[in-house]
Amino acid sequence: MWVYIDKISEHVDKEVTIKGWLYNIRSSGKLMFPEFRDGTGLIQGVVSKKSVSEQVWDDFGKLTQESSVIVTGTVTKHPKKENVYELQVSGLEVVSVAEPYPITPKEHGVDFLADRRHLWLRSPRQASIMRVRNEILQSIRDYMYANGFILFDAPIFTPNACEGTSTLFSTDYFDLGKAYLSQSGQLYAESGALALGKVYTLGPTFRAENSMTRRHITEFWMMEPEMAYFDIDDDMDMIEDFLTYVVQRVIKNKKSELDYLSRDLSKLEKVVKPFPRITYDEAVEILKKKDVPLIRKTANGEEHIRPFPWGEDFGAPHEEAIVEDFDKPVMVHRWPAEAKAFYMKRDPENPKLALGVDVLAPEGFGEIIGGSQREDNLQYLEERIKEHGLPMSEFEWYLDLRRYGSVPHSGFGLGIERMVSWICNLEHIREAIPFARRPNRIRP
RNA sequence: UCGAAGAUAGCUCAAUGGUGGAGCAUUCGGCUGUUAACCGAAGGGUUGCGGGUUCGAGUCCCGCUCUUCGAGCCA
């Protein structure tokens with residue numbers, strides 16, 4: 001009977017067949033210990049010369065790493081290890097003998113591995129990350145479905161920029177001039193919210209930023225909910241409820257993967273609502289108290305260091321300083337309007353502030369969510385578009401959403417790969433997606 | 001885009017300006033409980049590219065290319 005390795009414990013003392021690949025092999029004279037993988041996990045086989053045919057013994061001797069094999073044997077408990085199973089091999093069918101495999105169970109550099117990403121994904125660590133990513137995406141979909149959200153896919157070809165054209169990839173679009181790859185589905189999601197109440201988009205987005213950091217890729221997946229009649233506080237309520245569900249479900253269902261990745265689960269277990277909510281003003285106070293300055297470098301390399309001034313956006317050192325006293329995601333809300341996007345609603349109590357919220361992940365994983373209550377007043381929105389120098393004609397359809405039954409509404413965007421990096425405790429975001437796209441890499 | 005570090009065997013790394021090595025991988029041999037198994041042997045090199053200094057350059061100098069890490073921008 002063909003079984004998968006992750007279900008092997010259900011077949012102890014029975015004869016089963018595994019279809020997979022040889023991950024590694026150790027031998028000790030008349031004994032061989034091949035390790036098989038089948039996509040669901042790893043299992044060690046035991047091949048004894050006296051209990052298999054000469055043909056099987058010889059065939060095993062010829063196998064190379066990553067050769068594809070169909071093996072038959074009896075499942076037994078490991079003689080020394082608790083909850084570990086072995087396969088006492090009786091039969092072997094060699095599907096294909098692999099050429100010498102470049103990725104060994106030894107150390108490799110990141111560039112070497114990135115060049116072979118299509119093979120690197122077979123390693124247990126990368127496979128574990130992909131399983132956690134799958135669980136994150138599935139729990140997002142389940143949460144949204146259970147809470148009445150409609151999946152509302154936004155287009156990837158767009159004619160306009162959501163927040164300026166400098167960070168957009170462009171391509172020719174027939175006789176209509178340039179099309180841009182979407183950097184956010186938000187504006188479309190807003191139209192969905194006014195049509196369907198609660199919607200979300202989930203798909204790839206693109207940023208042509210030459211950002212060579214461990215937190216950036218040029219093509220990343222984003223989940224963007226948009227809710228009619230939600231104000232900024234409703235938005236934050238949903239964020240903490242949603243994040244709590246996803247994190248707690250992933251640690252419940254993917255414990256063995258997270259253990260393999262050496263993830264400290266006690267830190268994730270603390271991620272339950274409510275989350276701390278601090279205003280931008282309070283965050284700036286923290287930075288002043290901790291003496292975290294703003295450092296700006298000029299073109300000729302000079303550094304200008306000054307106390308953190310009100311109005312600036314936070315950089316990586318500031319985010320870390322704000323987050324380090326908390327063991328949960330921190331929601332920073334009510335930002336200086338100048339530094340934020342045109343579509344954010346101003347705080348009625350202080351027009352210098354925008355009703356935006358950034359969620360900073362614990363342990364220095366940075367911003368995973370950016371959201372806001374949207375400007376629902378037609379005149380104000382037109383003024384913002386002018387102030388930001390954006391072409392009014394491109395936003396006529398968006399302004400229609402304010403002309404015809406405008407309502408208060410809010411939403412946010414969650415970066416999937418940042419979420420995966422945080423939950424898996426990854427050094428670098430390049431491991432959080434099957435094929436990371438970065439400014440210096442588009443292959444494989 | 002800016003700053004720092006780096007590029008030597010298939011991989012990960014050594015090598016005072018003076019005959020380029022090791023571990024792993026590969027091939028061959030040994031071993032009945034191995035866990036990145038171990039032991040023995042063999043093969044494997046235009047030291048990123050171009051120029052310069054020197055009796056002599058992997059090593060020092062200049063230029064270029066690429067990579068990594070950090071900053072900015074952001075999710």
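These values consider heavy atoms only, across backbone and side chains, with no hydrogens, waters or symmetry-generated copies. Everything quoted here is computed from the prediction, not taken from an experiment.
- Relative to the ring axis of Phe112(A), Arg116(A) places its NZ or CZ within 45° and under 6.0 Å from the centre.
- In terms of heavy atoms, Gly45(A) sits closest to Val89(A) at CA-CG2, 4.2 Å.
- Rounded to an integer number of Å, the gap from Glu99(A) CD to rU27(B) P is 12 Å.
- Here rA75(B) presents its P atom at 17 Å from CG of Leu181(A), a figure rounded to the nearest Å.
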### Message
Strictly under 4.0 angstrom, non-hydrogen atoms only: write out the protein contact profile of nucleotides 33-49 of chain B, one letter per nucleotide from the 5' end, B, S or -.
### Response
BBBBB------------
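- Put simply, the residue from Val247(A), Ile369(A), Val250(A) that forms a side-chain contact (heavy atoms from CB on, under 4.5 Å) with Met419(A) is Val247(A).
- One C1' atom belongs to rC64(B), the other to rC28(B), and the distance between them is 45 Å to the nearest Å.
- Residues Pro329(A) and Pro362(A) approach most closely at N-CG, 3.7 Å, considering heavy atoms.
- Within 4.0 Å (heavy atoms only), Gly109(A) reaches sugar-phosphate atoms of the nucleic acid but no base atom.
- Contacts with RNA chain B (heavy atom under 4.0 Å) in residues 309-328 of chain A: Asp313(A), Gly315(A), Ala316(A), Pro317(A), Glu319(A), listed by number.
- The aromatic rings of Phe314(A) and Tyr280(A) sit parallel to each other, their planes meeting at less than 30°, with 60° as the upper class boundary.
- Spacing between atom CE of Met212(A) and atom P of rA5(B) amounts to 18 Å, rounded to whole angstrom units.
- In terms of position on RNA chain B, the residue among Arg116(A) and Gly370(A) whose nearest nucleotide sits closer to the 5' end is Arg116(A).
- Ring planes of Phe149(A) and Tyr200(A): perpendicular class, angle over 60° (limits at 30 and 60°).
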### Task
For Tyr101(A) and Tyr23(A), run ring pair (Phe, Tyr, Trp, His ring centres under 6.0 Å): C-alpha distance rounded to whole Å, both residues' side-chain angles, the deciding distance at 0.1 Å, then the answer.
CA-CA 10 Å; Tyr101(A) 191 64; Tyr23(A) 175 65; 8.9 Å; no
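- In this structure, Glu209(A) places its CD atom 8 Å from P of rA75(B), rounding to the nearest Å.
- Residue Phe220(A) places its side chain closer to rA75(B) than to any other of rC69(B), rA75(B), rG72(B).
- Side chain Arg418(A) to base rC74(B): a donor-acceptor pair is found below 3.5 Å.
- With a 3.5 Å ceiling on both atom-pair distances, the Watson-Crick or G-U wobble partner of rC38(B) is rG30(B).
- rG10(B) and rU35(B): their P atoms are spaced 29 Å apart (whole Å).
- On the C1' atoms, rG44(B) is 15 Å away from rG23(B), given to the nearest whole Å.
- Listed here is the closest heavy atom pair of Arg207(A) and Gln183(A): NH2-O, 2.7 Å.
- The CD-P distance, from Gln65(A) to rA25(B), rounds to 10 Å in whole Å.
- Residue side chain Thr104(A) does not reach the base of rC11(B) through any donor-acceptor N/O pair under 3.5 Å, judged by distance alone.
- The heavy-atom pair separating Ile18(A) from Ile8(A) by the smallest distance is CD1-CD1, 4.1 Å.
- Straight-line distance from the CD1 atom of Ile103(A) to the C1' atom of rC11(B): 11 Å, rounded to whole Å.
- Within the 4.0 angstrom heavy-atom criterion, only backbone atoms of the sugar-phosphate kind lie near Arg430(A); the bases stay farther away.
- rG44(B) makes up no base pair with any nucleotide shown, lacking Watson-Crick or G-U wobble contacts both under 3.5 Å.
- Counting non-hydrogen atoms under 4.0 angstrom, Glu367(A) reaches the backbone sugars and phosphates but no base.
- Residue contacts shown for Thr205(A) are absent, as no nucleic acid heavy atom lies under 4.0 Å away.
- Across all strands, Leu414(A) comes closer than 4.0 Å to no nucleic acid atom at all (heavy-atom distances).
- Checked against Ile368(A) for a side-chain contact (heavy atoms from CB on, under 4.5 Å), the options Leu360(A), Leu243(A), Ile239(A) give a single hit: Leu243(A).
- Judged by Watson-Crick or G-U wobble contacts below 3.5 Å, the nucleotide rC60(B) has rG52(B) as its partner.
- At rG70(B), one or more side-chain N or O atoms of Arg214(A) fall inside 4.0 Å of OP1 or OP2 (strictly under the cut-off).
- In the interface, the side chain of His216(A) is paired with the base of rC74(B) through a donor and an acceptor atom under 3.5 Å apart.
- If you take CD1 of Ile429(A) and P of rC74(B), they are 16 Å apart, rounded to a whole angstrom.
- Comparing the same atom, P, in rG58(B) and in rG20(B) gives a spacing of 9 Å after rounding to whole Å.
- Taking atom C1' in both rU12(B) and rA25(B), the straight-line distance is 11 Å, to the nearest Å.
- Going from the P atom of rA37(B) to that of rG21(B) covers 28 Å, rounded to whole Å.
- Across all strands shown, rU67(B) is found opposite rA5(B) as a Watson-Crick or G-U wobble partner, with both distances under 3.5 Å.
- Of the N and O atoms on the side chains of Thr64(A) and Glu99(A), not one donor lies less than 3.5 Å from an acceptor on the other residue.
- Along RNA chain B, the nucleotide nearest to Trp221(A) and the one nearest to His108(A) differ in position, and the one closer to the 5' end is contacted by His108(A).
- Contact check on Glu338(A) versus Arg384(A) returns no salt bridge, with no Lys/Arg side-chain nitrogen under 4.0 Å from an Asp/Glu carboxylate oxygen.
- Nucleic acid contact for Asp111(A): sugar-phosphate only, since backbone atoms but no base atoms lie under 4.0 Å from a heavy atom of the residue.
- Between Ile239(A) atom CD1 and rA75(B) atom C1' there is a gap of 13 Å when expressed in whole angstrom units.
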